[in-house]
Number of protein chains: 2
Amino acid sequence: MTQKQEQLSKNQQIVLNIIEKAKGPLKAYSILYNVQKRGIKAPLQVYRALEKLIEIGKIHKIESKNAFIACKNSDCEISKATAFSICNNCEHVKEIKNTKLSKYLSNFEDNSGMKYKKYNLEFFGLCKDCKLKQ
Amino acid sequence: MTQKQEQLSKNQQIVLNIIEKAKGPLKAYSILYNVQKRGIKAPLQVYRALEKLIEIGKIHKIESKNAFIACKNSDCEISKATAFSICNNCEHVKEIKNTKLSKYLSNFEDNSGMKYKKYNLEFFGLCKDCKLKQ
DNA sequence: CTTAATTTGTTATAATATAACGTTTGTTAT
DNA sequence: ATAACAAACGTTATATTATAACAAATTAAG
């Protein structure tokens, strides 16, 4: 009766819970402050959990923000193909789920003949709400 | 006889020179060490120059590496549309110049109806040389 | 069980980036 | 040319993000 399902360790689960509950991307030290009541005391404990969670595709890093967001997209298997929409005004971040886009990018080859195994795309603009408020 | 051409300040020019001479992306503090002989002493002087150079499109930031590279692509006007190919092994970074790709992404709209003003795309894989050496 | 691998806890420190302040330089309009 | 304004500078201090190193505890597999 071995549990073959991806089994998270204690710290990994704590960190994932925080990130999944959050409305937007969280920064590492903000995660740290949020989990101190649950026994995690040091940055490294958070960073190690983050590293693992990224590796198994449960979360993504928003590189332009140094922040971490839960994966909502079954298409980006193990974080190999990620795309985000980021509002420059309210900082809202949404993972883009678009089959055409992901196919296009996954199959992209440039003239160097290099075949890519992974990509990360970040779009910036104004979200609907912020556009209206302008 | 006014000089209407984009005129860089002293520090901006020093930093740009270093970045343009480099074979790959440079990190801010590595730039700092390289320009200390030219009178720039503090991180902030480098970061301010970097900020300006990014703003006017002379350089780009490789977000996944926190490093800065000279723009070689007249298509990415003022850094609004950037794409890079990054080798996971030798860390070689190349700006991708591909009209189809940039058109595709510049015109991309997802179902949120949000129209994007800017994007940054980073591809990862093995470059030709590193693929051969495997 | 025991061996190996992973995860943890902890301290210290490295690497990246910005705040705040006052001064200097450059530009524009008179 | 000079006043007024904006941009860039220099400097110190500090904030933020991330990793090194090492020993102990836990978990998975044979």
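The chains referred to below are lettered A, B, ... by the order of the sequence lines, with proteins before strands, and numbering in each begins at 1.
DNA chain D is contacted by both A/K65 and B/G39; B/G39 maps to the nucleotide lying nearer its 5′ end (nearest heavy atom per residue). Taking for each of B/S9 and B/P43 the nucleotide of DNA chain D with the nearest heavy atom, the 5'-most of the two is the partner of B/S9. Heavy-atom nearest nucleotides on DNA chain C were determined for B/N66 and for B/R48, and the one closer to the 5' end corresponds to B/N66.
The distance between atom CG of B/N11 and atom C1' of C/dG26, rounded to the nearest whole Å, is 14 Å. Atom pair A/K52:NZ and C/dA5:P shows a separation of 14 Å (rounding to whole Å applied). Rounded to whole Å, the distance from CD1 on A/I56 to C1' on C/dT6 is 13 Å. Atom CD of B/Q36 and atom C1' of D/dT11 are 14 Å apart (whole Å). Distance CD (A/Q7) to P (D/dT26): 17 Å, rounded to an integer number of Å. One interatomic measurement links the two molecules: CG of A/L32 to P of D/dT16, which rounds to 13 Å at whole-angstrom precision. In this structure, the CD1 atom of B/I40 is 12 Å from the C1' atom of D/dA8, given to the nearest Å. Atom-to-atom, OH of B/Y33 to C1' of C/dA15 comes out at 9 Å; the value is rounded to the nearest Å.
For the residue pair B/N120 and B/E122, a side-chain donor N or O sits within less than 3.5 Å of a side-chain acceptor on the partner. A donor-acceptor contact closer than 3.5 angstrom links the side chains of B/S112 and B/D110.
The side chain of A/K10 contributes an N or O atom lying less than 4.0 Å from OP1 or OP2 of C/dG9. Phosphate proximity of D/dG10 to B/K41: absent, as no side-chain N or O sits under 4.0 Å from OP1 or OP2. Of the side-chain N and O atoms in B/Q45, none sit less than 4.0 angstrom from OP1 or OP2 of D/dC9.
Stacking between A/Y47 and the base of D/dT19 is absent under the criterion of ring centres within 5.5 Å and planes under 30 degrees.
One hydrophobic cluster holds both B/V35 and B/L16 under the rule that ILVMFWY side chains link at heavy-atom gaps under 4.5 Å.
Aromatic ring pairs are classed by plane angle as parallel below 30°, tilted from 30° to 60° and perpendicular above 60°; the pair A/Y104 and B/Y104 is parallel.
Base pairing annotation: D/dA1 forms a Watson-Crick or G-U wobble pair with C/dT30, both donor-acceptor distances under 3.5 Å.
Among the heavy atoms of the strands lying under 4.0 Å from A/Q12 are primed sugar atoms or P, OP1, OP2 only; no base atom is included. Residue B/K61 is classed as a sugar-phosphate contact, given heavy-atom separations below 4.0 Å to backbone atoms only.
Here the side chain of B/L44 is nearest to one of C/dT11, D/dA18, D/dT12, namely D/dT12.
For B/F123 and A/F108, the ring centers sit closer than 6.0 Å to each other.
At a cut-off of 3.5 angstrom, counting only N and O atoms as typed in the model, there is a donor on one side and an acceptor on the other between the side-chain of B/Y29 and the base of C/dA17.
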